[in-house]
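Below: one structure, written as structure tokens.
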Amino acid sequence: RHGARLAGTVPERAPAALLYHRDSDLVLRLQEMPSGPWSHGPFGNVPDATNAAYRRALRSAHAAHLACGGIVDLVTVGDALDGVRLLHVTCAEMLDATAAEWLRGFVHGGGTLLVEFPFACRDAASTWVSPQRPAHGLADLLGCREDQRWAIHSWQPAAATFPGGVRLDARGWYVSLRPCG
């Protein structure tokens with residue numbers, strides 16, 4: 001009964017935005033797909049797409065903003081970012097040249113970019129890992145580039161402990177960054 005009141009409204013723009021990047025979502029889901037003779041067909045062990053690594057990272061980033069008392073909008077590459085002061089990018093591995101220029105436009109326009117690695121680490125055309133990470137010269141926005149990465153193993157655990165005893169265990173990779181620019 002209140003639909004008529006809402007029909008002509010436009011939501012306020014949140015001061016922070018979280019990038020949803022479809023190509024990165026897809027490549028990470030494909031990477032998690034099982035392989036082998038028993039992995040396909042009706043008995044295959046196909047992972048839940050809603051709980052794949054990219055979606056978990058996106059949900060966690062969103063939850064972090066909410067826990068800090070903020071609100072955040074979801075955006076995709078090319079969306080207008082008028083009024084957005086902070087753009088949070090998590091697990092965007094497959095950024096292409098168009099996305100790189102969109103990010104540069106945001107930062108050069110006064111916006112703040114918050115990235116989580118892996119960031120722009122794959123060539124969007126081939127999906128292979130880029131020799132320079134981040135790709136497309138995006139180190140100019142970050143002031144650093146990826147120097148080394150190595151896999152985290154169970155015999156070499158990595159964790160961060162925060163005030164109040166909150167502990168977060170790292171998964172996947174260690175990444176060291178090298179300042180530049």
Side-chain angles (χ1 to χ4, degrees), residues 13-32 52-65 67-68 70 72-153 156-162 168-181:
R13 173 58 58 64
L18 182 58
L19 176 67
Y20 170 72
H21 194 257
R22 182 178 175 267
D23 292 350
S24 296
D25 184 4
L26 290 174
V27 79
L28 286 173
R29 277 197 269 165
L30 288 171
Q31 185 174 296
E32 292 177 357
Y54 183 83
R55 303 274 175 103
R56 283 193 315 270
L58 201 63
R59 282 195 311 271
S60 295
H62 187 260
H65 284 277
C68 291
V72 62
D73 288 336
L74 284 176
V75 296
T76 60
V77 171
D79 284 355
L81 296 174
D82 305 328
V84 174
R85 295 190 312 262
L86 174 73
L87 178 60
H88 187 160
V89 179
T90 182
C91 282
E93 291 193 15
M94 297 280 293
L95 296 178
D96 59 14
T98 301
E101 288 311 306
W102 179 71
L103 291 172
R104 279 192 182 88
F106 173 71
V107 171
H108 293 160
T112 299
L113 183 64
L114 170 65
V115 301
E116 295 179 46
F117 278 77
F119 172 69
C121 67
R122 291 177 183 257
D123 177 67
S126 69
T127 73
W128 287 88
V129 174
S130 295
Q132 288 291 319
R133 295 177 295 273
H136 306 290
L138 284 167
D140 68 336
L141 297 183
L142 307 180
C144 63
R145 66 177 178 80
E146 186 176 311
D147 187 33
Q148 295 179 1
R149 70 167 56 193
W150 58 98
I152 293 173
H153 299 286
Q156 185 186 34
T161 303
F162 296 91
L168 294 176
D169 293 317
R171 289 195 230 164
W173 301 92
Y174 283 107
V175 176
S176 67
L177 303 175
R178 176 177 290 183
C180 62

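Nothing here was measured: the structure is a model prediction, and the numbers come from that model. The first residue in the sequence is number 1, and the count goes up from there.
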Quiz item: Got Leu114 and Leu86 here, is their nearest side-chain heavy-atom distance under 4.5 Å?
Solution: yes
Exercise. Verify the neighbour count for atom CH2 of Trp128: are there more than 12 heavy atoms of other residues, nucleotides or ligands below 6.0 Å?
Key: no
Quiz prompt | Side-chain heavy-atom pair Val84, Phe106 within 4.5 angstrom cut-off | solution = yes
Practice problem: Identify the two heavy atoms, one from Ala61 and one from Glu116, that lie closest to each other, and give their separation to 0.1 Å. | Solution: CB-OE2, 4.1 Å
Practice problem: State whether the side chain of His136 and the backbone N or O of Leu95 hold a donor-acceptor pair below 3.5 Å, judged by distance alone. | Solution: yes
Quiz item: Under 3.5 Å, side chain of Tyr54 to main-chain N/O of His21, donor-acceptor pair present?
Solution: yes
Exercise. Enter the distance from Leu19:CG to Thr76:OG1 here, rounded to the nearest 0.5 Å.
Key: 7.5 Å
Exercise. Taking the side chain as every heavy atom from C-beta outward, state whether Arg59 and Arg56 have any atom pair closer than 4.5 Å.
Key: yes
Quiz item: What closest approach, in Å, do Cys180 and Ala139 show between heavy atoms, and which atom pair accounts for it?
Solution: SG-CB, 3.8 Å
Quiz item: Would you call Asp73 and Arg13 a salt bridge, taking side-chain N to carboxylate O under 4.0 Å as the test?
Solution: yes
Quiz item: Looking at side-chain heavy atoms only, is the closest gap between Thr90 and Phe119 below 4.5 Å?
Solution: no
Quiz item: Where is the tightest heavy-atom contact between Arg149 and Val175, given as atom of each residue plus distance?
Solution: CB-CG2, 4.2 Å
Self-check item: Backbone of Ser130 reached by a side-chain donor or acceptor of Arg133 within 3.5 Å
Solution: yes
Quiz prompt | Close side-chain approach of Val72 and His62, heavy atoms under 4.5 Å | solution = yes
Quiz prompt | Main-chain N/O of Gln148 paired with Ser176 side-chain donor or acceptor, under 3.5 Å | solution = yes
Practice problem: Hey, could you give me the OG/CZ distance between Ser24 and Arg22, rounded to the nearest 0.5 Å? | Solution: 11.0 Å
Quiz prompt | Spacing of CG belonging to Leu142 relative to CG belonging to Leu138, to within rounding of 0.5 Å | solution = 6.5 Å
Quiz prompt | Of all pairs that satisfy salt bridge (Lys or Arg N to Asp or Glu O under 4.0 Å), the ones with a partner from residues 89-108, not counting sequence neighbours | solution = Glu93-Arg122, Glu101-Arg104, Arg104-Asp140
Quiz item: With a 4.5 Å limit on heavy-atom distance, are the side chains of Arg145 and Pro134 in contact?
Solution: yes
Practice problem: Please tell me if the side chains of Glu146 and Pro118 come closer than 4.5 Å, counting only heavy atoms from C-beta onward. | Solution: no
Self-check item: Approximate separation, where rounding is to 0.5 Å, of Leu58 CG and Leu74 CG
Solution: 6.0 Å
Quiz item: Hey, what do you get for OG (Ser60) to NE2 (His65), rounding to the nearest 0.5 Å?
Solution: 11.5 Å
Quiz prompt | Donor-acceptor contact below 3.5 Å, side chain Trp102 vs main chain Asp79 | solution = yes
